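Keep in mind the model is a prediction, meaning the values are calculated, not measured. A note on names: the letters A, B, ... follow the listed sequences, proteins ahead of strands, and every chain is numbered from 1. Computed over heavy atoms, backbone and side chain alike; hydrogens, waters and symmetry mates excluded.
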Amino acid sequence: MPRVVVDVVLKPEISDPQGQAVLQALGRLGHDGVRGVRQGKHFVLDVEGTPDAAELRQIAETLLANPVIEDVELHLPEG
Amino acid sequence: MRIGVITFPGSLDDVDATRAVRLAGAEPVALWHAEHDLKGVDAVVLPGGFSYGDYLRAGAIAARAPLVQDVVDRARQGMPVLGICNGFQVLCESGLLPGALTRNAHLHFRNRDQALRIERADTAWTTSYAAGQRIVVPVKNGEGRYVAADADLDRLEGEGRVAVRYVEGNPNGSSRDIAGVTSADGRVVGLMPHPEHAVEDLTGPSTDGLGFFTSVLEAVVGA
């Protein structure tokens with residue numbers, strides 16, 4: 001069954017305190033080279049038949065992400 | 001005057017909201033999120049809690065519930081709607097109110113008595129107050145930080161859409177100390193603090209919250 005992946009992250013201008021907390025923990029663990037962390041969500045959708053790109057984009061932009069504060073990236077299967 | 005209070009799976013404050021409606025002198029009507037039945041109510045309150053466990057985003061799944069779609073339709077025709085805490089999150093997710101509520105800046109759940117300033121005393125839910133009036137009601141949230149793009153915040157401020165603002169300390173890092181906003185027509189109001197927990201001396205820090213529930217009586221009679 002075709003698999004569609006949707007990644008959702010907060011827009012760059014919206015502060016991400018969870019990402020900040022992860023970044024601070026990394027600093028305490030000595031990983032000084034990591035300069036930024038943004039935390040997001042990763043959805044994996046198993047879709048029957050040939051995925052309808054327009055329908056999936058609508059699902060991603062109207063339910064999986066809140067376009068007021070989040071950016072969304074849709075990954076359709078190759079071919 | 002019949003005021004509906006919606007219960008979602010995970011609602012916590014529907015009982016207190018119901019009691020506040022009764023104390024204000026209206027008849028509370030229990031509404032169930034999964035039914036397409038507003039039972040002829042004149043106004044609706046969406047209470048606090050954690051609808052659907054806050055899965056996906058706080059309020060996101062509840063905003064797609066059958067009854068909320070009916071509420072959106074009626075609100076666009078002028079029915080007064082009040083969203084408190086999780087109810088505010090639902091109204092933002094439904095598109096009835098602008099902006100979004102996300103994780104508190106300090107990542108802590110914050111539970112305390114909170115001073116607020118009523119910025120708009122002419123919405124359906126705030127006419128019992130005076131503009132600029134200071135009130136104290138409980139606030140309790142983990143995802144109560146009001147956010148929107150800077151340009152949108154400027155527009156909301158310019159249009160006078162900020163209904164209530166935090167004073168004497170911002171509990172969650174909300175942009176511009178915004179505690180609650182209103183729709184352009186002033187009929188829909190959402191706020192993170194809990195006026196329904198401040199309606200009796202015995203159980204609240206004040207009775208300052210009762211004004212939200214008495215205001216709507218005038219709004220519906222006057223409509």
Shortest non-hydrogen contact from B/Arg64 to A/Leu63? NE-CD1, 3.7 Å
Using a heavy-atom distance cut-off of less than 4.5 Å, which residues of residues 64-73 of chain A contact chain B? A/Leu64, A/Ala65, A/Asn66, A/Val68, A/Ile69, A/Glu70
Within residues 105-121 of chain B, contacts to chain A at heavy-atom distances under 4.5 Å involve B/Ala105, B/Leu107
Among B/Asp150, B/Leu56, B/Ile61, residue most engaged with chain A (heavy-atom pairs, under 4.5 Å): B/Leu56
How would you list, in number order, the residues of residues 20-56 of chain A that have a heavy atom less than 4.5 Å from chain B? A/Ala21, A/Lys41, A/Phe43
Under 4.5 Å, heavy atom to heavy atom: which of residues 166-175 of chain B reach chain A? Give them by number, or say none. none
Please identify, among B/Ala149, B/Gly99, B/Ala148, the residue contributing the most non-hydrogen atom pairs under 4.5 Å to chain A. B/Gly99
Sort B/Asn104 into side chain, backbone, both or neither according to what part of it lies under 4.5 angstrom from a heavy atom of chain A. backbone
